[in-house]
Every structure is written in structure tokens, then in C-alpha cells.
Participant: 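Mind having a look at this structure? Questions to follow.
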Amino acid sequence: MTKKVSIIIPCYNQGKYIAEAIDSALSQTYQNIEIVCVNDASQDNTEEVLKEFSEKYDNIVYINSELNGGLPHSKNIAIEKITA
């Protein structure tokens, strides 16, 4: 069995680019991955895009933070949720 790799994607107001980042992670040749996306209280369509991906793929974990805590806060939230 291959080890699972966790990819953490923290984001704030990245609705325009987040799909490209997730598609890039999904297209890697190493397949045993989980993608943990943390929306840091975005004011654009980031939440909608992330919800779509998390509903479509079982290996994507979506976390919506109601409070904008910044990059370190988002990374810490993601680290708590990884299963690798």
C-alpha cells in the first residue's frame, strides 16, 4: 500500500484561481492523495467553487472558516483535518 499524501490549499478570495489549483493537484501521477481546502472567510465565489469540488470528489475535504484568521490559522485548521 502506498502512503497517502495530503495537499493543503488555504485560500482567501481565490474563486477565480482555486479550480485550477485543485485540478493541478488532482492531475498528479501519484494517486493516493487527499486535498484539504480551507476557505478563510472569502468574500467572492470561493466557497461555491470549493463546495462543488468537495461534492464531486471523495478525496477533497472542504473547510469553511467564518473568521478570517490569515494564512497560519488556515494551515493549522487544515493540519488538524488531514488523515495521512
Side-chain angles (χ1 to χ4, degrees):
M1 175 182 255
T2 59
K3 293 189 179 207
K4 184 184 283 186
V5 172
S6 297
I7 300 168
I8 295 173
I9 303 178
C11 55
Y12 175 73
N13 288 342
Q14 296 296 313
K16 184 175 179 180
Y17 306 104
I18 195 66
E20 184 179 353
I22 295 170
D23 284 337
S24 176
L26 290 170
S27 68
Q28 300 303 306
T29 56
Y30 192 83
Q31 294 297 307
N32 192 13
I33 64 168
E34 69 177 343
I35 303 168
V36 181
C37 301
V38 180
N39 177 25
D40 195 21
S42 295
Q43 302 298 310
D44 65 355
N45 68 328
T46 300
E47 181 176 7
E48 291 79 23
V49 174
L50 291 176
K51 278 184 181 180
E52 263 185 52
F53 272 98
S54 67
E55 290 170 0
K56 186 175 179 181
Y57 296 97
D58 292 335
N59 63 336
I60 296 179
V61 177
Y62 166 58
I63 303 161
N64 186 46
S65 178
E66 298 292 326
L67 170 71
N68 180 277
L71 185 59
H73 178 257
S74 294
K75 287 182 177 181
N76 287 336
I77 290 172
I79 289 169
E80 291 174 5
K81 299 294 182 183
I82 62 174
T83 63

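All values derive from a computational prediction rather than experimental measurement.
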Participant: In Å and rounded to the nearest 0.5 Å, what is the CD to CD1 distance from E52 to I22?
Facilitator: 10.0 Å

Participant: Hey, does Y30 have a side-chain heavy atom less than 4.5 Å from the side chain of T2?
Facilitator: yes

Participant: Is it true that atom CG of D23 has more than 12 heavy atoms of other residues, nucleotides or ligands lying nearer than 6.0 Å?
Facilitator: yes

Participant: Quick one: does any side-chain atom of N39 pair with a main-chain N or O of S42 as donor and acceptor, under 3.5 Å?
Facilitator: yes

Participant: Counting C-beta onward and ignoring hydrogens, is there a side-chain heavy-atom pair between T83 and K4 closer than 4.5 Å?
Facilitator: yes

Participant: The criterion is side chain to side chain donor-acceptor pair (under 3.5 Å); which residues satisfy it with E66, sequence neighbours excluded?
Facilitator: N64

Participant: First locate atom CG of N59, then atom CG of L26, and finally report the distance between them rounded to the nearest 0.5 Å.
Facilitator: 6.0 Å

Participant: With sequence neighbours excluded, tell me which residues meet side chain to side chain donor-acceptor pair (under 3.5 Å) with S54.
Facilitator: none

Participant: Thinking salt bridges, do E47 and K51 make one under a 4.0 Å N-O criterion?
Facilitator: yes

Participant: Pairs under 3.5 angstrom only: tabulate donor-acceptor contacts from the side chains of residues 69-78 to other protein residues two or more places apart or in another chain.
Facilitator:
residue : atom : partner : partner atom : Å
S74     : OG   : G70     : O            : 3.3
N76     : ND2  : P72     : O            : 3.3

Participant: Is the CD atom of E48 crowded by more than 12 outside heavy atoms at less than 6.0 Å?
Facilitator: yes

Participant: Kindly list each side-chain donor-acceptor pair under 3.5 angstrom involving residues 9-19, sequence neighbours excluded, with atom names and distances?
Facilitator:
residue : atom : partner : partner atom : Å
N13     : OD1  : Q43     : N            : 2.5
N13     : OD1  : D44     : N            : 3.3
Q14     : NE2  : Y12     : O            : 3.3

Participant: Within a strict 4.5 Å, meaning less than it, do heavy atoms of the C37 and I63 side chains meet?
Facilitator: no

Participant: Is there a side-chain contact between V36 and I7, using heavy atoms and a 4.5 Å cut-off?
Facilitator: no

